[in-house]
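In what follows, a structure is listed as structure tokens, so that the remarks can point back to it.
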Amino acid sequence: MQEITLIKPDDWHLHFRDGDMLNETVPATARCFQRAIVMPNLVPPVTNAVTLETYRTRILAARPAGSDFEPLMTIFLTDKTTAEDIHAAKAAGAVAAKLYPAGATTNSDAAVSSLKSLYPIFETMSDQGMLLLIHGEVTESHVDIFDREKLFIEQHLQAIYDHFPKLRIVFEHITTKDAADFVLTADERIAATITPQHLLLNRNDLLVGGIRPHNFCLPVLKRNVHQQALQAAVASGSKKFFLGTDSAPHEKAKKESACGCAGCYSAWSAIELYAEVFETLDALDKFEAFASTNGPDFYGLPRNTNTITLVKQNWEIPTEIILPSGEPIVPFYAGQTVSWKLKG
């Protein structure tokens with residue numbers, strides 16, 4: 001196959017950041033995605049309707065001329081979130097609220113310290129038809145980082161799922177066989193996003209031959225058996241899995257430091273890398289559903305009506321991208337050759 005035409009896809013999980021960085025990240029996403037679920041973990045986080053609306057305005061201002069790209073906004077749940085915050089955010093256009101256990105990832109220190117204290121908020125979200133997006137890891141310091149997703153399912157996610165029979169949940173950027181199995185065996189209320197890095201890499205790609213900071217993300221890369229389980233999940237064609245890049249930019253100096261930041265900036269190559277994965281799995285016939293229809297169907301949003309085309313053409317991902325500030329970012333898969341390329 002030399003060419004693939006898809007309904008224009010959406011990215012159901014990404015980080016734009018803020019300020020001058022928006023002039024890099026928004027065009028990178030708008031080049032091939034029609035919509036994107038925007039993560040709210042800024043500093044300070046997007047916790048209410050007012051901060052949601054002002055952040056959306058800044059994102060729209062960074063769109064390329066003539067672009068009709070649409071950011072889909074979310075709010076950040078904290079111990080202080082109220083039912084009134086949920087109602088106001090929904091009225092302001094929020095499609096979901098994001099649950100980060102406190103300390104789970106970048107800029108999550110202000111997040112939730114007690115999940116059960118948020119059960120009244122989950123009830124309000126269920127009544128309002130607002131989706132719950134979950135970064136599913138426990139954060140206790142004594143728990144091995146490679147086990148944190150599995151324990152979150154056992155200690156928290158199963159209970160939330162059982163307690164709220166109408167709440168729709170996206171288990172975001174899943175990384176383990178445990179998570180894939182949980183989603184597959186749950187009913188239609190549960191779906192999951194899967195990133196390019198967790199399909200393409202395992203923890204050897206982070207640790208063998210020296211630490212590779214630009215492959216460090218949270219949840220962290222896992223064993224090969226988990227990578228294979230995620231590949232099997234997307235190749236199965238199950239409507240419960242869809243595209244979410246978790247594209248997360250950091251300046252090069254912040255990644256290559258004594259305490260490097262977590263996140264892979266994949267926006268400029270994600271759709272091409274996903275195509276490569278599906279081709280390798282002999283599952284290109286499942287690619288459009290994963291990229292373009294499973295997500296909007298789960299969210300209850302219309303499918304896009306325009307298309308994109310990928311062509312079989314080798315190209316090299318740049319080793320660095322220079323931000324408007326002059327600081328470099330090292331993109332995911334930097335310097336490597338990709339065999340599919342967006343046409344036009």
Between S292 (side chain) and I7 (backbone), is there a donor-acceptor pair under 3.5 Å?
yes
Side-chain donor/acceptor of S266 to backbone N/O of S269, under 3.5 Å:
no
Audit row: L77, I86, side-chain contact (heavy atoms from CB on, under 4.5 Å) steps and yes/no:
CA-CA 9 Å; L77 295 174; I86 299 299; 4.2 Å; yes
Taking the six-membered ring of F298, is NZ or CZ of R168 closer than 6.0 Å to its centre and within 45° of its axis?
yes
For P71, all residues meeting side chain to side chain contact (heavy atoms under 4.5 Å, CB included), sequence neighbours excluded:
V38, R56, I59, L60, F69, M73
Partner of K312 under salt bridge (charged side-chain N to carboxylate O under 4.0 Å, His left out), picked from E279, E3, E276, is E279
Side chain to side chain donor-acceptor pair (under 3.5 Å) with Q227: of D205, N202, N204, only one passes, and it is N202
Counting N and O atoms only, with roles assigned by atom type, does the side chain of T54 sit under 3.5 Å from a partner on the main chain of T51, one being a donor and the other an acceptor?
yes
Pairwise distance NE2(H163) to CZ(F122) - rounded to 0.5 angstrom:
10.5 Å
Can you confirm whether the side chains of K222 and T175 place a donor and an acceptor under 3.5 Å from each other?
yes
Same cluster (ILVMFWY, side-chain, under 4.5 Å), F290 and M1:
yes
With a 3.5 Å cut-off and no angle check, do the side chains of D127 and T124 form a donor-acceptor pair?
no
Side-chain donor-acceptor pair present, T5, T309, cut-off under 3.5 Å:
yes
Is it true that Y119 and F164 have ring centroids separated by less than 6.0 Å?
yes
Y100 six-ring centre to K98 NZ/CZ under 6.0 Å and within 45° of normal:
yes
Check: W268 side chain, I317 main-chain N or O, donor-acceptor pair, under 3.5 Å:
no
Whether the side chain of N48 engages the backbone of D85 through a donor-acceptor N/O pair (distance < 3.5 Å, no angle test) should be reported.
no
Between H173 and H198, does the ring centre distance come in under 6.0 Å?
no
Which heavy atom of I271 sits nearest to which heavy atom of P9, and what is that distance?
CD1-CG, 3.8 Å
